[in-house]
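Data first, discussion second: the structure below is written as structure tokens.
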Amino acid sequence: MATLKTLSFRAATFPDCPSNVTNYTNTRNSNWKPPQAAVKPSLHLPMRSFELKNRTSPEEIKCLRLITAIKTPYLPDGRFDLEAYDDLVNVQIGQGVEGVIVGGTTGEGQLMSWEEHIMLIAHTVNCFGGKIKVIGNTGSNSTREAIHATEQGFAVGMHAALHINPYYGKTSLDGMVAHFQSVLSMGPTIIYNVPSRTGQDIPPHVIQTLAESVNLAGVKECVGNDRIKLYTDNEIVVWSGNDDQCHDARWGYGATGVISVASNLVPGLMRELMFGGVNPTLNSKLLPLIDWLFHMPNPIGLNTALAQLGVVRPVFRLPFVPLPVEKRIEFANIVKAIGREHFVGSKDVEVLDDEDFFLVSRY
């Protein structure tokens, strides 16, 4: 039987209590001051490098028009399928996509350990960093975690960070500013505003305060095009976060471009939408696909679609599950209507059965 360790404590020494209460009271003369809590200045210094070889300026991020929130594919046991991931990124590069968000909502960063997360950022930089801008989602509702992940992300070479406002455990607007300012010093940063997920809007005056930092590359804005116009009128760079609004945002409201989910599937058409000028015909052609993608919370539709196209294994990390069979049939019809040649991969689109999917709960 194991022997429990015995802990010994050194007795604390306390000053003797005054024997005469009256005399003790008299010691509180005019020179007496109540004890004060020690207020220490923050000694945190950002763990960053100014090595110019791999340093990216915010200006290089500000000019990107098409950024894909890249999907993370899995092996049957739930680990990353890096071969499939590399194929996806290579297709993005070949079709003219300029940047990828790694480990974002679409890439299921919320289902990754930080070790997995930083590894995937490092892998992407190592393999593709010379061909495409790598933007790591290192945001968190914990400022401590956001700082730590962002330091690591820049240390492994990511070109910029994506940061969201604290969600669930929401803070005040002053706290929101302090949260973002704690990471802005580390490098080029995109602020992501998606109240439907965080439960809290980032109001314009907060963004205008943060814009005083030279490292604010811009905002991924999901509130709508009127908000985008407000920022572009004030020379703040904005990307639309809504695929269904990005054409009008780009050509009617001054957005620099889009951070897209649909470009995982049709990168060439999304590039045309962002670079080719006003094109309501193409926009209308893509809207049924975009509506289908967001029928259920992202990335459920995207994961189902890529599996049907045969470019990733049909593996889902729970709590995500595939769309029902009637929606899979609908997707096959959408692919035929747009044209299979516009989609990633080379296999014919399939309507997968329920038993074709792997749902992984331990990963």
Side-chain angles (χ1 to χ4, degrees), residues 40-62 64 67 69-70 72 80 82 85 99-130 132-169 171 174-194 198 202 206-207 209-220 259:
K40 296 181 179 180
S42 174
L43 300 179
H44 174 78
L45 295 175
M47 187 177 71
R48 61 189 177 190
S49 168
F50 291 105
E51 173 60 42
L52 294 179
K53 179 180 178 182
N54 296 314
R55 188 73 178 170
T56 302
S57 73
E59 301 305 316
E60 294 175 76
I61 303 300
K62 290 179 180 181
L64 305 179
I67 302 170
I70 195 74
T72 306
F80 294 160
L82 293 180
Y85 179 82
V100 287
I101 304 289
V102 179
T105 308
T106 304
E108 301 178 25
Q110 68 275 17
L111 303 185
M112 299 176 188
S113 68
W114 279 116
E115 181 183 42
E116 289 180 311
H117 207 133
I118 300 301
M119 182 274 280
L120 191 59
I121 293 172
H123 172 80
T124 310
V125 171
N126 183 47
C127 295
F128 309 106
I132 196 167
K133 294 301 182 188
V134 179
I135 302 159
N137 171 33
T138 54
S140 172
N141 59 348
S142 162
T143 304
R144 176 183 62 84
E145 286 191 6
I147 290 171
H148 185 61
T150 304
E151 286 177 336
Q152 290 188 328
F154 280 118
V156 301
M158 71 181 184
H159 301 111
L162 179 73
H163 279 283
I164 200 163
N165 51 307
Y167 49 89
Y168 188 71
T171 184
D174 287 342
M176 191 186 294
V177 171
H179 173 83
F180 286 129
Q181 286 178 335
S182 70
V183 292
L184 272 167
S185 62
M186 298 178 196
T189 301
I190 297 173
I191 302 297
Y192 181 15
N193 186 33
V194 55
T198 64
I202 305 176
V206 168
I207 296 297
T209 298
L210 298 174
E212 295 173 6
S213 169
V214 295
N215 279 334
L216 182 68
V219 182
K220 177 185 177 183
I259 297 177

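Scope of the values below: all heavy atoms of this structure, side chains included, with no hydrogens, waters or symmetry mates. Not measured: the values here are computed from a predicted model.
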Next on the checklist: Which residues pass the salt bridge (charged side-chain N to carboxylate O under 4.0 Å, His left out) test with E116, not counting sequence neighbours?
Outcome noted: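 Checked E116 against salt bridge (charged side-chain N to carboxylate O under 4.0 Å, His left out); matches are R317.
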Which pair of heavy atoms, one from [X] and one from [Y], lies closest together, and at what distance?
X: A211; Y: L216; answer: CA-CD2, 3.6 Å
X: S57; Y: P188; answer: C-CG, 4.0 Å
X: Q181; Y: T209; answer: NE2-CG2, 4.3 Å
X: A69; Y: T106; answer: O-CG2, 3.2 Å
X: T150; Y: A161; answer: CG2-CB, 4.2 Å
X: T124; Y: L120; answer: OG1-O, 2.7 Å

Do side-chain atoms of [X] reach the backbone of [Y] as a donor and acceptor pair under 3.5 angstrom?
X: Q152; Y: A149; answer: no
X: N141; Y: G169; answer: no
X: H159; Y: V134; answer: yes
X: H117; Y: N137; answer: yes

Item to check | Derivation and outcome, side chain to side chain contact (heavy atoms under 4.5 Å, CB included), residues S140 and W114 | outcome: CA-CA 11 Å; S140 172; W114 279 116; 4.3 Å; yes
Nearest 0.5 Å please: distance from the [atom1] atom of [X] over to the [atom2] atom of [Y].
X: I101; Y: M158; atom1: CD1; atom2: CE; value: 10.5 Å
X: T56; Y: K133; atom1: OG1; atom2: NZ; value: 4.0 Å
X: I202; Y: I164; atom1: CD1; atom2: CD1; value: 7.5 Å
X: L162; Y: I135; atom1: CG; atom2: CD1; value: 7.5 Å
X: L82; Y: T72; atom1: CG; atom2: OG1; value: 10.0 Å
X: K220; Y: N193; atom1: NZ; atom2: CG; value: 10.5 Å

Checklist entry - Is any side-chain heavy atom of Y85 closer than 4.5 Å to a side-chain heavy atom of V102? => result yes
Checklist entry - Between H179 and H163, how do the two ring planes meet: parallel, tilted or perpendicular, split at 30° and 60°? => result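 Perpendicular: the ring planes of H179 and H163 meet at over 60°.
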Checklist entry - With a cut-off of 6.0 Å (strictly less than), are more than 12 heavy atoms of other residues, nucleotides or ligands near NE2 of H148? => result no
Checklist entry - side chain to side chain contact (heavy atoms under 4.5 Å, CB included) between V100 and F128: does it pass, once the steps are laid out? => result CA-CA 10 Å; V100 287; F128 309 106; over 6 Å; no
Item to check | Test item: side-chain donor near acceptor, Y192 and T198, under 3.5 Å | outcome: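 No pair is found: no donor N or O on one side chain lies under 3.5 Å from an acceptor on the other.
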Checklist entry - Which one of S182, S185, S142 satisfies the side-chain contact (heavy atoms from CB on, under 4.5 Å) criterion with I147? => result S182
